[in-house]
Structures are given as structure tokens and as C-alpha cells.
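See below for the structure under consideration.
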Amino acid sequence: MKTVTIHAPATIANLVCGFDVLGMALNDPQDIMTISLRDEPGLVIEHSDGYQLPTEPEKNVAGAALLSMLEEAGQGIGFHLIIDKQIKPGSGLGSSAASSAGAVVGANYLLERPFSNEDLVRFAMAGEKLASGVKHADNIAPCIYGGVTLIRSIFPLDIVSLNAPDLYVTVVHPQIEVKTSDARQILRKDVKLKDAIRQWGNIAGLVAGIMKVDYDLIGRSLEDVIIEPVRSILIPGFDAVKKLSKECGALGGGISGSGPSIFMLSREQKVARQVEIVMKDIYTQAGIDFKTYVTTINSGGVRVVGA
Ligand code: HSE
């Protein structure tokens, strides 16, 4: 098989309190890519979407991930990648991770799988470095593994897949762009001990809540006292979305990755749909364009089709 199609899911990094260490894959939206083995070395990248992203491999996140892979796979290999982005760049839904992770999973398949999932996360992080200036795996890991992942460490990589309970995810993407690099730049470099204690209590609570399928504990732990107070200022309507969604019965939620998307988790689909109505009302009244999704957790990660 010399050509395969790849479906790479959107992801929600941080999951509110777990900055850079927790992430979740979604069933909707997903990027679609086609990757082929070339008869000659080198990368050719094309986009069939309208986003005008760079196609030079060194400047393209999928290209950077594939180049990192080729350093270990051998320089004599070549790939042709066509990307159709359904996850809008700059949305906070792991758009760059989907490109990077999807590309390396597809390439690995074409090479008859010489690399482990952990290797693929390592390669795909080169794409994240290009996009945001730093390596982080909280979009890449859930994108490749599916479900909810804890990234205990990236140097060395230590990824823990958590069994995710049934949850509905409502996402609103106000159509403004927040660059991850900018959203990282504005963060305070120091954290007060009392805030750190509260934060690691929440992270531990969220992980325990997910593993014990304790929805109340999940809801109580969806609190971020370090990152959200700084970043939420960049997102119009943030406080109203959170407050009114919880009033509808959502467990909780917050900024998706570095924003501007906001996500809320619910136990029941009808609550998730009610949350969507609330989100739509808020942005319609504010006169800001938006897109919403009501979806569930993707358990399989990047999917290779046509193989
Ligand atoms: N953990 C990263 C951040 C995710 O919040 O900057 C970016 O999608």
C-alpha cells in the first residue's frame, strides 16, 4: 500500500487545571490527510484547504514532524502529503497537533510501522515546537493514543492513557485567533505556593475522578487558578459561557488549549445541547462569529483508512 488516508482528531489540551500535562481527543472535528510514499527522497506538502499555511517542509508543522522522523528512518525516503484541514488553525483545538500527529502516524504505517506510538509523539512534538516555540505533548499524545492522556513527563517521555468515562463535550470557537505562542508569552513565570497547592489538588482530583468515574469529583476539579485568570481575558464572553453552562447542568470546563475555543463537559447529551444553545446566544448577542460542536471523546486516536 503506497497511499493512505488519515483522520486526525481535534484535541483539548490542559483540561482546565492540567497545563501541558492533560489532554483529550474529540470525535469532531477531524483533519483529513492523504500521504503517499514517493519514489524519490524528500517531502512534498500540499493543502487542499483555504488556510494558506506554508508548504515548505521546514516551515510546515507536519513537515517538521516528518523531517524529525526521517532523521531516524533514513534520508532516502520521501513522502507526498496532502492536508485538508477541518480544524481551524489558531482555534485552540489542537490544529497543529492533528497535522503533525496525523502525518507521522500515516508515514509510519507506510513504512510498515518501525516506530512505537511514543516515538511518534516525539517526532510530532517537532511540529509543536515550530507552532508554539516549545515542545509540549498535551495535544499530540491524545491525538495519537485517543481518549484522555496524562503526560507525566516529556523528557523523558512518560505518557499514561486514562480510561475516559462517557462524557459529552460542547465546544464553542469564537472566530478570533489566539496564537499559542502569544498565549504562552503572557503567562506569569512564577507561581505562588498556595496556588500551586490548589492546582495540583485539582489535577489529582481530575485524574482520580476520571479513573473512578466520579462525575462530581470531575466537576469540582475543573478549576484553574494559574493559567485561566490570565488567558481568559483574551476571550470575549468567557465568564458568561462558563457561568451559564454550569447553570444548565454542565460539570464544568474552561479554555480549550490556549484558546479561544471554550469547552464544557456534560454527562448527558441533552445538557450538552442546552449548553450549545447558551453558547450560541452569548456570541450572537455579542455580534461575534462562532462555530459550535457537540461531540464525544474519541477513543481510537489518529485513524489510517484505505489501508
Ligand atoms: N498546553 C498548551 C498551552 C496547549 O496551553 O499552551 C496549546 O494547545
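Note that ligands are numbered from 1 as they come in the structure, with each ligand's atoms numbered from 1 the same way.
- Side chain to side chain, Ser95 and Lys85 meet the donor-acceptor criterion of an N or O pair below 3.5 Å.
- Taking CZ from Arg231 and CZ from Phe238, the interatomic distance works out to 11.5 Å, rounded to the nearest 0.5 Å.
- Numbered from 1 in the order shown, with element, the atoms of ligand 1 that lie under 4.0 Å from a heavy atom of His136 read 2 (C), 4 (C), 7 (C).
- The aromatic rings of Phe290 and Tyr283 are tilted relative to each other, their planes meeting at an angle between 30° and 60°.
- Annotation: atom 8 (O) of ligand 1 to nearest protein heavy atom, Asn139 OD1, 2.9 Å.
- Screening Ile186, Ile176, Asp182 against Leu234 for a side-chain contact (heavy atoms from CB on, under 4.5 Å) leaves a single residue, Ile186.
- Numbered from 1 in the order shown, with element, the atoms of ligand 1 that lie under 4.0 Å from a heavy atom of Asn14 read 1 (N), 2 (C), 3 (C), 5 (O).
- Comment: Asp119 does not engage Arg113 in a salt bridge, judged by the lack of any side-chain N to carboxylate O separation of less than 4.0 angstrom.
- Residue contacts with ligand 1: Arg231 is included, with a non-hydrogen atom under 4.0 Å away.
- The CD1 atom of Ile297 sits 4.5 Å away from atom CG of Leu167, with the distance rounded to the nearest 0.5 Å.
- For the side-chain contact (heavy atoms from CB on, under 4.5 Å) with His47, the lone residue among Ile82, Asp84, Asn60 that qualifies is Asn60.
- Counting only heavy atoms of the protein, atom 3 (C) of ligand 1 lies nearest to Arg184 NH1, 3.2 Å.
- Proximity to Thr180 (heavy-atom distance under 4.0 Å) selects the following atoms of ligand 1: 6 (O), 7 (C).
- The atoms of ligand 1 that sit less than 4.0 Å from any heavy atom of Ala13 are 4 (C).
- Close approach to Phe19 involves these atoms of ligand 1, each under 4.0 Å from a residue heavy atom: 3 (C), 5 (O), 6 (O).
- The protein non-hydrogen atom at the shortest distance from atom 1 (N) of ligand 1 is Asp20 OD1, 2.5 Å.
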